[in-house]
Amino acid sequence: MQVNNNKTLQIKAVDQWVRSLPLKAKRGQVIDCNGNILAISYTSYDVYIRAKEVTDPIITANYLAETLNLNFETLYPKVKDVFVSETLIKLNIPEATATKIATRGLKGVYITENISRQYPYGKLLSQVLGYLTSDSVGQSGVENYYNKVLSGTNGKYLTQSDVVGITLNDSLNYYVEAIDGLNVTLTIDINIQNIVETVLQKAMIEHNPKKVSALVLNPNTAEILAMAISPSFDLNDVPRDDIETLMKLTKNTIVTDVFEPGSTFKIFTLASALEENLTNRNETFYCPGYRIVDGEKIKCWKTTGHGSQTLAECVQNSCNCCFMDLALRLGKDKLYNYLVTYGIGTNSGVDISGESSGIMIDKNSVQTVDLARIAFGQSIAVNELQLTNSLSSIINGGTLRQPNLLKNYYDNSGNVVFNNINLISGKHISSKTAEEMKYLLEMSLSKTGEMTFVEGHKIAGKTGTAQKYGEDGEIATGKYVSSFFGFLNNGESPQYALLLCVDEPSSGAYYGSVVAKPYAKEIFEGIIEYKNIPKVSNDVVDEEIIVPQLAGKSLTQALVILDKLNVNYEVAGEGSVVISQFPSANTKVKKSSTLLIST
């Protein structure tokens, strides 16, 4: 037995001869792309009891209860339980308290080092970074996804003891050193993140929605520069006592939840039709306010109709009828093939847990009427990251990439252990189509000419307004998701692809052009100022106008007035008389603003 089972018996013997205390590895830092620390570890201390070594359980329990603010009645049984070799009394106490206990010199009381976590930016990036358990295991976000990389390997402090577990005098001590975790660099830019979260908080106050979220992506590399959801929570004060609230606030809905995108989805239909040479910017379409498809009347958002308009004007007016025509020209097979190559209906592969793939009707089950609705973003569901990344693949020249949060990770000596590579999923449209899309989306933002969305800069984009469904599968009355997708188009390559979504605004307004677009503008203005991006033109001035009195007028009269002013507007309702307007009459606004009139 001693020869053949030597190793097994030796392990068992050592396990009997020694008692061990854990030595926690230092968890790696998380930093942003500029080197700003997002998550950092610091030394704290844990208190253990070896009851067999305690000489006076009452004095020991009293002292620890008072010093550590613990309940004596709960603590005392642990202090005198000699059948347990070691018992953890309290985690993560500060150094001053640990020193106080150590200098008291109580027999059987041991102090070990531990690692605690701090998040210098508090509420920023709460759903992205995630949080740890009390014993430093990642539970959500980056802390969970890269837990093995960040956590390292714990060590041990071993002491020889007798048969009942009491440390032997002059015993040998063994020290197994902990191996610290690696540091993780993210693609996140904390300055852009701060701009985004500040704007989202403003949107929460002004529209009181269920939530508001935003994502900023580098459209050329698919690197995530900012990802924010409001409401959020302070990572240094995790609401652990309220599990329901904790699960709700830590959920990264940008990747886990899906929604009908509405008009932002029209970009896919348009790009596919252009790539197939089925239309051009000057082709004329007629919108009477509806299309009859498979015997069903599908309305345009403007039920009175847009009349005759070019393709460029259709994009500008977000005319449903035009996009239904384009989808029917493409047909089921071609449109579905394009959607698959854009990445719709599949996981993007992002390094975030819980990503949903979206919902698409099985191609074999798609009817012509379904195809018509898919054309303008109904009867299909995507998550926000998937939508942003897929739209970015159109404007960047037709290349779909795998989005990512990780840039690299490195050890404490600065040696890079791993550099992330942006995987390319494929190329699906030509550069010519991409350039035409950028032009049409740039023109769609303003009826008053170029570079008025953010003065002197080329911003391209598209708004979206989508109805939500209730648990019964029926359309929920008065519940909408208002959205905006856009990007900076100053140079040869697009920059800063942004998707902003306002879920169930309750201020009365719900169109993406009124609810989401103004906040997207503020984010672009913040990024441009932060990055000190020069203007393309210094001659552009976004004029101001006084909003006219429209309430009480007929819809026809109101539209004549607005057309003469050459301003953007949205019409809510199907009546013939204007009953309210936003902003109110005599308000001074930029000419590039969008006015809302309700009938």
Side-chain angles (χ1 to χ4, degrees), residues 32-34 125 127-128 141-142 185-197 199-200 212-229 252-257 259 261 264-265 267-268 271 342-344 346-352 355-356 358 382-407 420-426 428 434 437-438 441 459-462 464 483-491 493-501 516 519-521 523-524 526-528 530-531 533:
D32 83 339
C33 62
N34 299 314
L125 281 167
Q127 292 90 354
V128 175
V142 169
T185 305
L186 301 182
T187 57
I188 293 289
D189 185 323
I190 197 62
N191 297 303
I192 296 178
Q193 182 76 22
N194 188 43
I195 292 166
V196 170
E197 296 213 21
V199 172
L200 295 195
V212 58
S213 53
L215 174 68
V216 181
L217 200 70
N218 181 331
N220 305 301
T221 65
E223 292 179 322
I224 298 169
L225 304 177
M227 179 180 274
I229 302 165
N252 191 336
T253 55
I254 290 176
V255 297
T256 62
D257 291 6
F259 72 112
T264 52
F265 203 81
I267 297 172
F268 298 120
Y342 297 145
I344 303 299
T346 57
N347 287 349
S348 69
V350 68
D351 46 345
I352 300 173
E355 183 188 12
S356 59
V382 293
N383 69 55
E384 294 168 43
L385 175 64
Q386 182 187 65
L387 180 62
T388 310
N389 191 51
S390 296
L391 291 174
S392 295
S393 75
I394 289 176
I395 62 172
N396 70 15
T399 302
L400 182 66
R401 291 180 179 271
Q402 179 178 300
N404 65 288
L405 275 172
L406 177 71
K407 203 171 188 70
N420 199 18
I421 300 172
N422 297 97
L423 299 175
I424 297 176
S425 301
H428 46 67
M437 287 298 300
K438 286 192 284 187
L441 292 173
I459 308 289
K462 184 81 189 69
S483 61
F484 174 91
F485 170 78
F487 55 94
L488 181 64
N489 197 33
N490 276 5
S493 299
Q495 294 177 288
Y496 306 110
L498 164 68
L499 179 70
L500 187 146
C501 295
Y519 299 108
K521 179 179 180 178
I523 290 173
F524 277 118
I527 293 173
I528 287 167
Y530 159 53
K531 289 294 186 178
I533 299 172

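This is a predicted model, so every value here is computed, not measured.
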remark   = With sequence neighbours left out, the residues meeting side-chain contact (heavy atoms from CB on, under 4.5 Å) with Ala434 are Ile429
Atom [atom1] in [X], atom [atom2] in [Y]: separation rounded to 0.5 Å?
{"X": "Asn383", "Y": "Thr253", "atom1": "CG", "atom2": "OG1", "result": "9.5 Å"}
{"X": "Leu400", "Y": "Ile424", "atom1": "CG", "atom2": "CD1", "result": "9.5 Å"}
{"X": "Tyr496", "Y": "Asn220", "atom1": "OH", "atom2": "CG", "result": "10.5 Å"}
{"X": "Ser213", "Y": "Leu385", "atom1": "OG", "atom2": "CG", "result": "11.5 Å"}
{"X": "Lys407", "Y": "Thr187", "atom1": "NZ", "atom2": "OG1", "result": "7.0 Å"}
{"X": "Thr264", "Y": "Phe485", "atom1": "OG1", "atom2": "CZ", "result": "9.0 Å"}

request  = Can you sort out the partners of Thr399 under side-chain hydrogen bond (donor to acceptor under 3.5 Å, both in side chains), two or more places apart, ordered by chain and number?
outcome  =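 Result, side-chain hydrogen bond (donor to acceptor under 3.5 Å, both in side chains) vs Thr399: none returned.
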ask   = Of all residues at least two apart in sequence or in a different chain, which pass the side-chain hydrogen bond (donor to acceptor under 3.5 Å, both in side chains) check with Gln402?
value =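 For Gln402 there are no side-chain hydrogen bond (donor to acceptor under 3.5 Å, both in side chains) partners, ignoring immediate neighbours.
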Looking at [X] and [Y], would you say the former's side chain and the latter's main chain have a donor-acceptor pair under 3.5 Å?
{"X": "Asn218", "Y": "Glu223", "answer": "no"}
{"X": "Gln193", "Y": "Met227", "answer": "yes"}
{"X": "Asp351", "Y": "Leu406", "answer": "yes"}
{"X": "Asn389", "Y": "Arg401", "answer": "yes"}

message = Contact between Leu391 and Leu499 at the side-chain level, heavy atoms closer than 4.5 Å - yes or no?
response =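 Leu391 vs Leu499: side chains apart.
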ask   = Any side-chain heavy atom of Phe487 within less than 4.5 Å of one from Leu441?
value =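 The answer is yes, as the side chains (C-beta and beyond) meet within the 4.5 Å cut-off.
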task = Go through the steps for Ile190 and Leu125 under the test side-chain contact (heavy atoms from CB on, under 4.5 Å), then give the verdict.
result = CA-CA 9 Å; Ile190 197 62; Leu125 281 167; 3.7 Å; yes
request  = Give the C-alpha distance, both sets of side-chain angles, the deciding distance and a yes or no for side-chain contact (heavy atoms from CB on, under 4.5 Å) between Leu488 and Ile459.
outcome  = CA-CA 5 Å; Leu488 181 64; Ile459 308 289; 3.4 Å; yes
ask   = Who are the ring-ring contact (aromatic ring centres under 6.0 Å, His included) partners of Tyr519, not counting sequence neighbours?
value =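 Counting only residues at least two positions away or on another chain, Tyr519 forms a ring-ring contact (aromatic ring centres under 6.0 Å, His included) with His207.
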task = Please identify each residue that fulfils ring-ring contact (aromatic ring centres under 6.0 Å, His included) with Phe265, with sequence neighbours left out.
result = Phe268
Determine the minimum heavy-atom distance between [X] and [Y], stating which atoms define it.
{"X": "Ser348", "Y": "Pro403", "answer": "OG-CG, 3.4 Å"}
{"X": "Thr256", "Y": "Ser356", "answer": "O-OG, 3.3 Å"}
{"X": "Leu200", "Y": "Ile229", "answer": "CD1-N, 4.3 Å"}
{"X": "Leu217", "Y": "Ser392", "answer": "CD2-OG, 3.8 Å"}
{"X": "Ser393", "Y": "His428", "answer": "OG-NE2, 2.9 Å"}
{"X": "Asn252", "Y": "Gln127", "answer": "ND2-O, 4.0 Å"}

message = Holding to salt bridge (Lys or Arg N to Asp or Glu O under 4.0 Å), I want the full list of residues that pass it with Glu355, two or more places apart in sequence or in another chain.
response =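 Residues passing salt bridge (Lys or Arg N to Asp or Glu O under 4.0 Å) with Glu355: none at all.
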inquiry  = Please determine whether side-chain contact (heavy atoms from CB on, under 4.5 Å) holds for the pair Asp32 and Leu186, giving the CA-CA distance in whole Å, both sets of side-chain angles, and the decisive distance to 0.1 Å.
reply    = CA-CA 5 Å; Asp32 83 339; Leu186 301 182; 5.6 Å; no
request  = Dump the intermediate steps for side-chain contact (heavy atoms from CB on, under 4.5 Å) on Leu405 and Ile352, then the final yes or no.
outcome  = CA-CA 8 Å; Leu405 275 172; Ile352 300 173; 3.6 Å; yes
